[in-house]
Amino acid sequence: TLFPYTTLFRSHALVALEILDGPFRRAAALLDEVGPEKGDEILAGLGHVLVDRAVHEEGGDPRRPRLLRLSALCGGPHDHRRRRLRRGRFVIDLGPLWLTLHLAAVTTALLLVLGTPLAWWLATTRSRARPFVEAITALPLVLPPTVLGFYLLILLSPNSTLGGAWVSMTGETLTFSFTGLVVASIVYSLPFMVQPLQAAFERVGPMPMEAAASLRASRLDAFLTVAVPLSARGFLTACVLTFAHTIGEFGVVLMIGGNIPGETRVISIAIYEQVETLNYGDAHILSAGMLVFSFLVLALVYAFNRPRVIG
């Protein structure tokens with residue numbers, strides 16, 4: 001219920017300004033479902049976007065009563081002049097960057113724990129269920145992010161079994177939270193961890209494991225001392241690709257987390273916000289950083305996986 005309203009306000013700033021009282025109060029009523037504090041944070045982020053665009057498109061003063069009224073309704077004063085000064089000095093808010101790195105690191109670590117046994121099972125099993133499990137694992141590669149985000153939004157909402165249980169245990173919602181972003185990122189980046197590991201385990205083959213078993217090594221011991229070292233390249237590739245893919249997420253994190261500063265505003269959302277508010281200078285800097293990072297990641301993966309020719 002929340003996402004269409006947030007998209008409406010972000011995409012139609014001047015219309016929202018013209019009909020200020022009705023839509024924002026209706027949105028506030030809807031956002032009460034996620035709690036007053038979370039609702040205030042979401043409206044505050046939307047209000048900053050609206051004020052920025054209104055100032056730019058109308059050529060107005062951010063101190064005008066109309067814009068101050070909007071800013072106050074959406075979560076407090078909006079210091080538009082400070083943001084322009086920061087752009088003039090080429091200073092970019094690093095909050096989204098650190099939040100993105102944190103999200104990518106947590107997602108990669110959790111997927112390494114969850115994806116390794118799944119990849120090993122897929123590489124060694126002869127079960128008839130293997131093709132179906134592989135298909136489910138690879139679904140995020142072919143599904144549009146909006147489709148995946150929509151179903152995750154339903155699954156994690158406070159009205160669902162999972163979301164309701166989480167609210168009962170923690171008092172917080174999974175939607176519009178960093179925890180929800182982690183859950184969504186784990187699902188969305190799953191194939192980038194599992195598929196390289198599965199390929200690496202398949203290259204190991206059964207013979208090294210049989211040799212370890214003949215020396216009375218347990219299955220866990222053989223896995224840790226034989227399979228894992230022989231699959232070192234696969235582990236590095238999987239971790240690097242998962243980390244990089246999580247950093248580049250947009251559609252899923254926008255639908256699950258929205259644009260809450262300090263909690264869900266990752267770097268891809270920050271770029272989108274800069275474009276929405278016509279701050280192309282900041283958008284260029286952030287986008288160029290992402291472009292260089294993506295190129296270096298791919299160059300590292302290809303260089304490390306390059307076949308070694310002996311002799």
Q) So which heavy atom on Ala222 is nearest to which on Ala212, and how close? A) CB-CB, 3.7 Å

Q: Please report the closest heavy-atom contact between Tyr188 and Pro145, naming both atoms and the distance.
A: OH-CG, 3.4 Å

Q | Ring geometry between Phe178 and His102 (parallel below 30°, tilted from 30 to 60°, perpendicular above 60°) | A | parallel

Q.
Test of understanding: with ring-ring contact (aromatic ring centres under 6.0 Å, His included), list the residues that count as partners of Trp166, not counting sequence neighbours.
A. none

Q.
Applying a strict under-4.5 Å side-chain criterion to I, L, V, M, F, W and Y, I'd like to know whether Leu224 and Leu197 cluster together.
A. yes

**Q.** Spacing of Ile256 atom CD1 and Leu152 atom CG [to the nearest 0.5 Å]
**A.** 5.0 Å

(Q) Pair Phe192, Leu111 - check side chain to side chain contact (heavy atoms under 4.5 Å, CB included), show working. (A) CA-CA 9 Å; Phe192 291 88; Leu111 272 179; over 6 Å; no

Q. Which pair of heavy atoms, one from Ala238 and one from Thr242, lies closest together, and at what distance?
A. O-OG1, 2.7 Å

Q | hydrophobic_cluster_shared for Val301 and Leu296, side chain cutoff 4.5 Å | A | no

Q. If you measure from CG on Asn259 to CZ on Arg265, what distance do you get to the nearest 0.5 Å?
A. 4.5 Å

Q: Verify, without hydrogens or angle tests, whether Ser160 (side chain) and Gly163 (backbone) share a donor-acceptor contact under 3.5 angstrom.
A: yes

Q) Which residues satisfy the side-chain hydrogen bond (donor to acceptor under 3.5 Å, both in side chains) test with Thr237, sequence neighbours excluded? A) Asn305

Q: State, with a plain yes or no, whether a side-chain heavy atom of Gln274 is found less than 4.5 Å away from one of Tyr280.
A: no

Q: Examine distances only and state if a side-chain atom of Thr175 and a backbone atom of Ser157 form a donor-acceptor pair shorter than 3.5 Å.
A: no

Q. At what distance, to the nearest 0.5 angstrom, does OG1 of Thr146 lie from CG of Leu254?
A. 10.5 Å

Q.
To the nearest 0.5 Å, what is the distance between CD on Glu273 and CG on Leu286?
A. 10.5 Å

Q) Of the non-hydrogen atoms in Ser287 and Ile271, which two are nearest, and what is the gap between them? A) OG-CG2, 3.5 Å

Q. How close do Thr264 and Ile269 get, heavy atom to heavy atom, and via which atoms?
A. O-CG1, 4.5 Å

Q) Shortest non-hydrogen contact from Ala200 to Gly234? A) CB-CA, 3.8 Å

Q | Candidate pair Trp120 and Thr125, rule side chain to side chain contact (heavy atoms under 4.5 Å, CB included), full reasoning | A | CA-CA 8 Å; Trp120 178 255; Thr125 187; over 6 Å; no

Q) Which of these, Thr108, Thr246, Thr107, sits in a side-chain hydrogen bond (donor to acceptor under 3.5 Å, both in side chains) with Ser189? A) Thr246

Q | Exceeds 12 heavy-atom contacts within 6.0 angstrom, atom CZ of Phe293 | A | yes

Q | Gap between atom CG of Leu236 and atom CG of Leu300 - 0.5 Å precision | A | 6.0 Å

Q. Among the clusters formed by ILVMFWY side chains lying less than 4.5 Å apart, do Met193 and Ile136 turn up in the same one?
A. no

Q: Supply the atom-to-atom distance Leu103 CG to Ile247 CD1, rounded to the nearest 0.5 angstrom.
A: 9.0 Å

**Q.** Intermediate values then yes/no, side chain to side chain donor-acceptor pair (under 3.5 Å), Glu249 and Ser185
**A.** CA-CA 8 Å; Glu249 290 175 355; Ser185 298; 2.8 Å; yes

Q: Kindly work out whether a path of hydrophobic side-chain contacts (I/L/V/M/F/W/Y, heavy atoms less than 4.5 Å apart) joins Ile267 to Phe295.
A: no

Q.
Can you confirm whether or not the ring centre of Phe223 sits under 6.0 Å from the ring centre of Phe201?
A. yes

Q | Heavy-atom side-chain contact between Gln195 and Leu141 under 4.5 Å | A | yes

Q: Carefully, step by step, assess Leu118 and Val133 under the rule side chain to side chain contact (heavy atoms under 4.5 Å, CB included).
A: CA-CA 9 Å; Leu118 176 58; Val133 177; 4.0 Å; yes

**Q.** Asn159 and Ile154, any side-chain heavy atoms less than 4.5 Å apart
**A.** no

**Q.** Cluster check Val253, Leu110: I/L/V/M/F/W/Y, side chain < 4.5 angstrom
**A.** yes

Q. Which pairs, with at least one residue in residues 129-145 and sequence neighbours excluded, count as a side-chain hydrogen bond (donor to acceptor under 3.5 Å, both in side chains)?
A. Arg130-Glu134, Arg130-Glu202, Glu134-Gln198

**Q.** Modelled atom types, side-chain donor and acceptor of Ser177 and Glu263, under 3.5 Å
**A.** no

Q.
Within the structure provided, determine whether Trp121 and Ser127 are in side-chain contact (heavy-atom separation under 4.5 Å).
A. yes

(Q) Quiz question: by atom type and distance under 3.5 Å, do the side chains of Thr277 and Asn279 form a donor-acceptor pair? (A) yes

Q.
If you count every heavy atom of other residues, nucleotides or ligands that lies below 6.0 Å from Met207 atom CE, does the total exceed 12?
A. no

